[in-house]
Amino acid sequence: MKIVIPGELPTMNQIIDAAKTHWNGYRKMKQDNTLLVTLVARRLPECKRVDISITWYRRDRRTDKDNIMAGQKFILDGLKEAGVIGNDGWKHIGRITHDFAVDKHKPRVEVELMEVAPERAG
């Protein structure tokens with residue numbers, strides 16, 4: 001299963017700046033971006049446990065990869081809100097992999113979900 005989130009999600013630097021600028025800055029940013037992911041993912045079926053592959057298509061290479069990856073918080077929370085995953089903890093999320101590419105005309109985030117067997121207890 002795959003979803004495509006249009007545009008670029010906030011980077012770690014943008015998240016930190018929003019949190020420092022105003023007490024409500026990060027809250028609004030998280031709410032808006034989580035809602036975007038929720039709306040894109042709402043038609044996906046519920047999965048018990050998934051491996052996730054995220055490909056970040058950015059306008060350019062000016063942002064460090066670790067800074068870009070901070071947006072995965074909005075992705076996981078949006079998948080949870082959409083009912084695709086029960087939670088974003090270890091029980092429901094297996095591996096998470098990241099790839100990076102440049103598409104200056106169509107920046108986006110592609111998220112592929114692969115359902116996997118539930119983790120064994122013990």
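Heavy atoms only: backbone and side chains are in, while hydrogens, waters and symmetry mates are out.
- For the atom pair CZ (R49) and CH2 (W90), the distance works out to 9.5 Å, reported to the nearest 0.5 Å.
- The closest side-chain heavy-atom distance from N33 to M29 is below 4.5 Å.
- Residues V84 and P45 approach most closely at CG1-O, 3.7 Å, considering heavy atoms.
- The list of side chain to side chain donor-acceptor pair (under 3.5 Å) pairs with a residue in residues 36-48, not counting sequence neighbours, is empty.
- K28 pairs by the side-chain hydrogen bond (donor to acceptor under 3.5 Å, both in side chains) definition with D32, not counting sequence neighbours.
- Between I3 and V109 there is no side-chain heavy-atom pair separated by less than 4.5 Å.
- Counting only residues at least two apart or on different chains, the salt bridge (Lys or Arg N to Asp or Glu O under 4.0 Å) pairs with a member in residues 5-24 are E8-R58, E8-R59.
- Taking the side-chain hydrogen bond (donor to acceptor under 3.5 Å, both in side chains) definition, one finds that R27 meets it with N24, sequence neighbours left out.
- Taking CZ of F74 as the reference point, atom CD of Q72 lies at 11.0 Å (rounded to 0.5 Å).
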Which is it for V50 and V116 under the side-chain contact (heavy atoms from CB on, under 4.5 Å) test, yes or no, and what are the steps along the way? CA-CA 5 Å; V50 293; V116 295; 5.8 Å; no
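- You'll find the side chain of V111 reaches within 4.5 Å of the side chain of I52, heavy atoms only.
- Pairing each heavy atom of G71 with each of W56, the nearest pair is C-CH2, 3.7 Å.
- Atom-to-atom distance recorded for C47:SG and M114:CE is 10.5 Å, nearest 0.5 angstrom.
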Decide side-chain contact (heavy atoms from CB on, under 4.5 Å) for L36 and I5; before the verdict, give the C-alpha distance in whole Å, the side-chain angles of both, and the deciding distance to 0.1 Å. CA-CA 8 Å; L36 171 63; I5 304 159; 3.7 Å; yes
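- In this structure R61 satisfies the side-chain hydrogen bond (donor to acceptor under 3.5 Å, both in side chains) test with no other residue, sequence neighbours excluded.
- Taken to the nearest 0.5 Å, the CD1 atom of I68 stands 5.5 Å off from the CZ atom of F100.
- Residues V37 and G78 come closest through the heavy atom pair CG1-CA, 3.8 Å.
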Using the side-chain contact (heavy atoms from CB on, under 4.5 Å) rule, take Y26 and I15 through it: C-alpha gap first, then chi angles, then the decisive distance, then the call. CA-CA 6 Å; Y26 172 71; I15 292 168; 3.5 Å; yes
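- Between atom CD1 of residue I75 and atom CE of residue M69 there is a gap of 11.0 Å, rounded to the nearest 0.5 Å.
- The side chain to side chain donor-acceptor pair (under 3.5 Å) contacts involving residues 102-112 comprise K2-E110, D103-R108, R108-E110, where partners must be two or more places apart or lie in separate chains.
- Taken together through direct or relayed side-chain contacts under 4.5 Å among Ile, Leu, Val, Met, Phe, Trp and Tyr, Y57 and V4 form parts of separate hydrophobic clusters.
- Scored by the side-chain hydrogen bond (donor to acceptor under 3.5 Å, both in side chains) test, N13 finds no partners at all (sequence neighbours excluded).
- Residues satisfying the salt bridge (Lys or Arg N to Asp or Glu O under 4.0 Å) criterion with D51, sequence neighbours excluded, are R95.
- Side-chain contact check for I54 versus T97: every heavy-atom pair is 4.5 Å or farther apart.
- Sorted by first and then second residue, the side chain to side chain donor-acceptor pair (under 3.5 Å) pairs involving residues 76-86 (not counting sequence neighbours) are K30-D77, K73-D77.
- Between I93 and L76, the closest heavy-atom pair is CD1-CD2, 4.0 Å.
- Applying the 4.5 Å side-chain rule to ILVMFWY residues, one finds I16 in the same cluster as M12.
- Residue L39 is found in a hydrophobic cluster whose other members, listed by chain and number, are L35; membership requires side-chain heavy atoms under 4.5 Å apart, directly or through intermediates.
- In this structure, V40 and P6 approach most closely via the heavy-atom pair CG2-CD, 4.3 Å.
- Taking the salt bridge (Lys or Arg N to Asp or Glu O under 4.0 Å) definition, one finds that D66 meets it with nothing, sequence neighbours left out.
- To the nearest 0.5 Å, the span separating OG1 on T11 from CZ on R62 amounts to 13.0 Å.
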